[in-house]
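To start, the structure under review is shown below, and the notes come after it.
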Amino acid sequence: MSKEKPSIPKGTRDFGPAVVVKRNYIFGVIKRTFEKYGYLPLETPAMEQLSVLTGKYGDEGDQLIFKVLNSGDFLSKTSAADIAQGSKHMVRKVSEKALRYDLTVPFARFVVMNRNEISFPFKRYQIQPVWRADRPQRGRYREFYQCDADVVGTNSLLCEAEIVQMIDEVLSTLGLTDFSIKINHRGILAGIAEAIGEKGREGELCVAIDKLDKIGKEGVRKELMERGIATAAIEKLEPLYDLSGSNQNKLTELTNLLGQTTEGSRGLSDLQEVWKYLEQLQSKALTTENPSGQPRLQLDATLARGLSYYTGCIFEVKVNNANMGSISGGGRYDNLTGMFGLPGVSGVGFSFGVDRVYDVLEELHLFPDSSQVGTKVLLVQFDKESEQHALPLLQQLRDAGVASELYPEPAKLKKQMSYADQKRIPFVVLIGSEEIASGKLKLRNMQSGEQQDFSPDDLVAYLAR
RNA sequence: GUGGUUGUAGCUCAGUCGGUUAGAGCACCAGAUUGUGAUUCUGGGGGUCGUGGGUUCGAGCCCCAUCUUCCACCCCA
């Protein structure tokens, strides 16, 4: 037998008890919020047919999909000629399944397959891991959890407004105070392209403009020139970078610039309506200010987002006082189900990247003590007789809702005490010959070191309070 | 996918110009203390120096490959 050192694949992680407990706290906040807004849970398989996923995320995205090798003799249907045609062709021959890349496309697939069973508008949330064959980096993993909430079967912009509300509520509940919910509209981006005479090239414009806060005005100009955008067009574009003032002010300025374009005016009226809904909902995202004095919800005409299936509003969330990429993103997609043969169903949704939220909460020390669950009391035993006396009490404590455990063997007291210490168990009960004789149990507070005698009933009552 | 970076005890890291038996702190185990953890004192265990090749009389150190880590692109949660 060769001694093999075990390891896990690049970009994946094990999660110890302390981490899972804290992550569950995040899941809990998100679930409760989603359910409050009328979304219900859905789960789909880790694997999808490869054909379901390909072509939905753009060329870059396709490359990041983890393909699953066919079972059995996966070469049986291939020939030397297939190899000669290159890996792209080969993949289809040896792989029919793939790990899901996000939760939105599997959801669209589910909606199409179950169109007769579900009633629209259909609202669902989904909390499951997704996989991307990306190169790992800070806040970027190959396996990570997404928490999606989507609604399909309605064009109402109330959904967009509610997404803003849910993002604001979840992040506020988690204790974050300095974050920006950025919103834009694909129509605005298309309108910009049209207004500067580069209609139809908004895709390329987006990739470049999206980098504005990273590479600056000059960098964007350079990149646009490399992509062959006319210099005159680039100059026309630049006033957009400096949109300032209130969101309403930005909308007005944009109307002046893009009001004449069909796509631009579609985007602007959509955004106006979202704002109207938010005002009527008395949204805190409109009224709460970040420490920088900016409102939480910010119209950002340079926000682009890569996923190619978005057609309407797009969202992205950034935590301003933490070193982390976007922790949430989403948008409206008008034709995602159309790709599976069900046209005319519009959807909108967004996703939290839980692993990033986790890293941010950790960095900002925002996990509350109450999110750390664990054993409250450890019963220490000395011998068989003390174990006999401890067992009924153990059950009594658990019946009273107190997380408790009995050390499973009569180990040395020191050993049992350090077990409690390391597990941060706040109380220890000693049941030895003295206690059995007197009927009074000794309760030790591990933090203060104080000890107090209790009758069994009083002890349970004391710990259950 | 491109460019760079990292790996030595369970953890964080020293390790000189390539030279004898690879070190420290913390953690762990045992004892001081057979009914008291975290503090103190004493002792102890623990390493194929990521892995596989190569150069050399000799490699933790140099070379190649590979895996992993982190970072910048690309892209994204």
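Residue numbers begin at 1 in each chain, while the letters A, B, ... track the order of the sequences. These numbers were taken from a predicted model, which means no experiment stands behind them.
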For [N] versus [M], give the span between their [atom1] atoms, rounded off to a whole number of Å.
{"N": "B:U42", "M": "B:G4", "atom1": "C1'", "value": "49 Å"}
{"N": "B:C61", "M": "B:G43", "atom1": "C1'", "value": "34 Å"}
{"N": "B:U68", "M": "B:A32", "atom1": "C1'", "value": "44 Å"}
{"N": "B:G3", "M": "B:A59", "atom1": "C1'", "value": "29 Å"}
{"N": "B:C26", "M": "B:C71", "atom1": "C1'", "value": "28 Å"}

Looking across every strand, which nucleic acid part, if any, lies under 4.0 Å from [X] by heavy atom: base, sugar-phosphate, or nothing?
{"X": "A:Ser328", "value": "sugar-phosphate"}
{"X": "A:Gly139", "value": "base"}
{"X": "A:Phe352", "value": "nothing"}
{"X": "A:Phe382", "value": "base"}
{"X": "A:Gly61", "value": "nothing"}

Would you indicate which nucleotide in [options] comes nearest to any side-chain atom of [X]?
{"X": "A:Met417", "options": "B:C29, B:G1, B:G37", "result": "B:G37"}
{"X": "A:Arg132", "options": "B:C76, B:A72, B:C70", "result": "B:C76"}
{"X": "A:Arg135", "options": "B:U36, B:C74, B:U2", "result": "B:U2"}
{"X": "A:Glu434", "options": "B:G35, B:C75, B:C28", "result": "B:G35"}
{"X": "A:Glu60", "options": "B:G35, B:C75, B:G37", "result": "B:C75"}

No-H, no-angle donor-acceptor pair, [X] side chain to [N] base, under 3.5 Å:
{"X": "A:Arg140", "N": "B:C75", "value": "yes"}
{"X": "A:Arg356", "N": "B:C76", "value": "yes"}
{"X": "A:Gln447", "N": "B:G37", "value": "no"}
{"X": "A:Arg444", "N": "B:G35", "value": "no"}

A:Tyr145 and A:Tyr358: aromatic ring centres closer than 6.0 Å?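 Between A:Tyr145 and A:Tyr358, the centre distance exceeds or equals 6.0 Å.
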
Could you please name the partner base of [N], counting Watson-Crick and G-U wobble pairs only when both distances are under 3.5 Å?
{"N": "B:A38", "answer": "none"}
{"N": "B:C29", "answer": "B:G43"}
{"N": "B:U20", "answer": "none"}

OP1 or OP2 of [N] versus the side-chain N and O atoms of [X]: is any pair under 4.0 Å?
{"X": "A:Gln416", "N": "B:G35", "value": "no"}
{"X": "A:Lys412", "N": "B:G31", "value": "yes"}
{"X": "A:Lys414", "N": "B:G37", "value": "no"}

Mapping A:Gln422 and A:Ser448 onto RNA chain B by nearest heavy atom, which one lands closer to the 5' end? A:Gln422

Please tell me whether A:Tyr333 and A:Asp150 have a donor and an acceptor in their side chains that are separated by less than 3.5 angstrom.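 There is such a pair between these side chains.
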
Ring-on-base stacking B:A77 with A:Phe144 (under 5.5 Å, under 30°):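 The ring of A:Phe144 is stacked on B:A77.
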
Integer-rounded Å distance: [N] [atom2] and [X] [atom1]:
{"X": "A:Lys211", "N": "B:C76", "atom1": "NZ", "atom2": "P", "result": "10 Å"}
{"X": "A:Asp421", "N": "B:A38", "atom1": "CG", "atom2": "C1'", "result": "4 Å"}
{"X": "A:Lys10", "N": "B:G7", "atom1": "NZ", "atom2": "C1'", "result": "14 Å"}
{"X": "A:Arg13", "N": "B:U69", "atom1": "CZ", "atom2": "P", "result": "11 Å"}

Taking [X] first and then [Y], would you say they form a salt bridge - that is, a charged N and a carboxylate O separated by under 4.0 Å?
{"X": "A:Glu263", "Y": "A:Arg186", "answer": "no"}
{"X": "A:Asp355", "Y": "A:Arg13", "answer": "yes"}
{"X": "A:Glu162", "Y": "A:Lys123", "answer": "yes"}
{"X": "A:Arg100", "Y": "A:Glu43", "answer": "no"}

Count the heavy atoms belonging to other residues, nucleotides or ligands that lie under 6.0 Å from NZ of A:Lys250, then report whether that count exceeds 12. yes

